[in-house]
Amino acid sequence: MTSRLRIAVQSKGRLAEGGMDLLKRCGLRFAYGRDKLHQRAENMPVDLMLVRDDDIPNFVGSGACDYGIVGENVLAEEQASSARARELEIALRLGFAGCTLKLAAPQDGDIRSVEHLAGKAIATSYPGLTARFLKDRGIEAEIVEMRGSVEVAPRLRIADAICDLVSSGATLQANGLKAFETVLRSEAVLIRRRSGRESDSDAIANILMRRAEGVIASAQTKYIMLNAPTDRLDAIRALLPGADAPTIAKVAGREDVVAVHAVCRERVFWETLEALEKEGARAILVLPIEKMLA
Ligand code: PRT
Ligand code: ZN
C-alpha cells in the first residue's frame, strides 16, 4: 500500500482560502466541508491537516506532515529561534498572501530610522526576526513580545516602536504610525524537511509540485490574440510582455494584416494594450490561461 502524502494547511485565516484554492487547482478533490481537522482527498493519496498557521513549521519539522503551506514570515521566525526549524526548506513560493514585516513608529515622534531605536522598546510578534535584524545593525533595544494588536503598543506606552506585518498600510495609518524600515518580505510558501527520507509518497509529491508550478505560472500568464498590420509586426511583437515566440497566422482575405497569438509570461497592463493599439493592433483579446505544463 502506498502511504498518503500529508499536507498542513491553515484552517482559517489569510492563508486558508489561497492554500485550498491552489490544492484544488492542482486537481485535488475533497469530500467534506471546511470544519474538520483532517480532510482526505477523494481522488489522490493526499490528506490535509487543517491547523493554526503557527503550528505548521512544527508539524512539518516533526514529520507529522510532509509539506505545509505557511507565510514565509512564520517560517523565518521559527528558523530564527529554533534549531529544528532550520531543517525546513522552501519547496515552492506560492505567490499569494504577500506582506512585509516592517519597523514603524508614531508619525509625530522622533524615531525615523533604525539608529533611533537604540535603547527603545519595540513591540512585536516576531521577536526572533526583530532581534536578529537589530543585532545585524548593532542596535541594542528592548523587545516586547505581543501575540496580537501590536499596533496599539505605542499608544498604550508599552513600546516606542513596533515591528509588524503590513499589507495595505491601513492599520499603521489608522494608529498614527509610519513605517521606516523593511525587515522581511513575505509570501505564502510551501515548506518541507530539507533532508526528507525517501518515501512512497515522493511520486505523488512530485506530481503535485509540478502541477502547482503550472498553476502559479499560469496565474501570471495570459494569452493575447490580436490583428496586426503586416508592416507594424516587429514593433507590435516588441511590445508583447514576456512572449518569446508568438504564432503569426494569415487573416482570410487580407494581405495587409496578420493574426498574432502569444503566451505572455509577464503581467499585461492596460498601458500595454493602449500601446499595442497605437501601433495599429486591432481586435485585441487577453485571455486567462487555466492550466500550463511548460
Ligand atoms: O489563527 P491562525 O494563527 O492560523 O492565524 P493568524 O491570525 O496567525 O494569521 P492570519 O490569517 O492573520 O495571517 C496568516 C498569514 O497571512 C501571515 O502569517 C502572513 O504570512 C500573511 N499576511 C498577509 C498577513 C497580512 N498579509 C496582514 N496584513 N498577516 C497579517 N496581517 C495583519 C498584520 O499583522 C496587521 O495587523 O494585518 C494587519 C495589517 O494589514 P494592513 O492591510 O492594514 O497593512
Ligand atoms: Zn497564527
Side-chain angles (χ1 to χ4, degrees), residues 6-23 34-39 48-62 64-65 67-82 85 88-107 122-130 132-133 143-156 158-159 161-192 212 216 219:
R6 290 151 305 169
I7 308 176
V9 184
Q10 190 190 30
S11 55
K12 55 179 192 301
R14 289 182 164 88
L15 299 167
E17 201 181 306
M20 286 303 285
D21 194 52
L22 173 70
L23 295 171
R34 299 284 344 264
D35 55 346
K36 297 219 168 160
L37 173 69
H38 173 253
Q39 284 201 10
L48 300 188
M49 296 289 289
L50 302 176
V51 295
R52 288 199 54 179
D53 67 340
D54 316 71
D55 294 330
I56 292 176
N58 233 324
F59 268 88
V60 179
S62 67
C65 288
Y67 283 83
I69 294 177
V70 74
E72 199 175 346
N73 49 297
V74 170
L75 173 68
E77 176 62 24
E78 284 287 318
Q79 290 183 324
S81 48
S82 130
L88 297 171
E89 66 175 6
I90 294 177
L92 196 61
R93 311 186 74 83
L94 304 179
F96 66 90
C99 56
T100 39
L101 183 64
K102 289 191 177 193
L103 284 161
Q107 268 158 10
I122 306 161
T124 186
S125 310
Y126 296 87
L129 289 173
T130 308
R132 192 174 68 193
F133 182 85
I143 291 176
V144 181
E145 191 173 342
M146 286 176 74
R147 283 298 177 93
S149 306
V150 171
E151 63 278 0
V152 301
R155 208 173 342 127
L156 299 179
I158 297 169
I162 67 167
C163 185
D164 199 13
L165 293 178
V166 179
S167 46
S168 69
T171 304
L172 289 186
Q173 204 182 11
N175 288 281
L177 300 169
K178 192 167 185 297
F180 56 87
E181 183 75 41
T182 296
V183 174
L184 181 85
R185 285 179 205 287
S186 174
E187 66 185 283
V189 291
L190 184 70
I191 59 169
R192 66 180 167 208
I216 294 159

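Atoms within a ligand are numbered from 1 in the order they appear, just like the ligands themselves.
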Ligand-residue contact atoms, ligand 1 with [X], heavy atoms, under 4.0 Å:
| X | answer |
| --- | --- |
| Gly71 | 20 (O) |
| Ala170 | 43 (O), 44 (O) |
| Val74 | 18 (O) |
| Asp54 | 3 (O), 8 (O) |
| Gly13 | 11 (O) |
| Val166 | 44 (O) |

Tell me: protein heavy atom nearest [atom], and distance?
| atom | result |
| --- | --- |
| atom 18 (O) of ligand 1 | Asn73 ND2, 2.9 Å |
| atom 42 (O) of ligand 1 | Ser168 OG, 2.6 Å |
| atom 14 (C) of ligand 1 | Asp53 OD2, 3.5 Å |
| atom 11 (O) of ligand 1 | Arg14 N, 2.7 Å |
| atom 1 (O) of ligand 1 | Arg52 NE, 3.5 Å |
| atom 43 (O) of ligand 1 | Thr171 OG1, 2.5 Å |
| atom 34 (O) of ligand 1 | Asp164 OD1, 3.5 Å |
| atom 35 (C) of ligand 1 | Leu165 O, 3.6 Å |

Using a 3.5 Å distance criterion without hydrogens, assess whether the side chain of [X] forms a donor-acceptor pair with backbone atoms of [Y].
| X | Y | result |
| --- | --- | --- |
| Ser186 | Thr100 | no |
| Ser82 | Gln79 | no |
| Gln10 | Ala16 | yes |
| Thr124 | Tyr126 | yes |
| Asn175 | Thr171 | yes |
| Ser149 | Val152 | no |
| Gln107 | Lys178 | no |
| Glu72 | Arg93 | no |

Mind checking whether Gly169 has an N or O less than 3.5 Å away from an N or O of ligand 1? yes
Is there a polar contact, in the sense of an N or O pair closer than 3.5 Å, between Tyr126 and ligand 1? no
Should the heavy atoms of other residues, nucleotides or ligands under 6.0 Å from CD of Gln173 be counted, would the total exceed 12? no
With a 4.5 Å heavy-atom cut-off, do Leu15 and Val9 have their side chains touching? no
List the steps, then state whether side chain to side chain contact (heavy atoms under 4.5 Å, CB included) holds for Ile162 with Leu172. CA-CA 10 Å; Ile162 67 167; Leu172 289 186; 3.9 Å; yes
The Zn ion (ligand 2) - closest N/O/S atom in Asp53: OD1
Which atom name would you report as the N, O or S atom of Asp54 nearest the Zn ion (ligand 2)? OD1
By the definition side chain to side chain contact (heavy atoms under 4.5 Å, CB included), identify the one residue from Val70, Leu92, Val74 that meets it with Val189. Val70
Determine whether the side chain, the backbone, both or neither of Cys99 has a heavy atom under 4.0 Å from any heavy atom of ligand 1. side chain
Ignoring hydrogens, tell whether any protein atom lies closer than 4.0 Å to atom 7 (O) of ligand 1; use the non-hydrogen atoms only. no
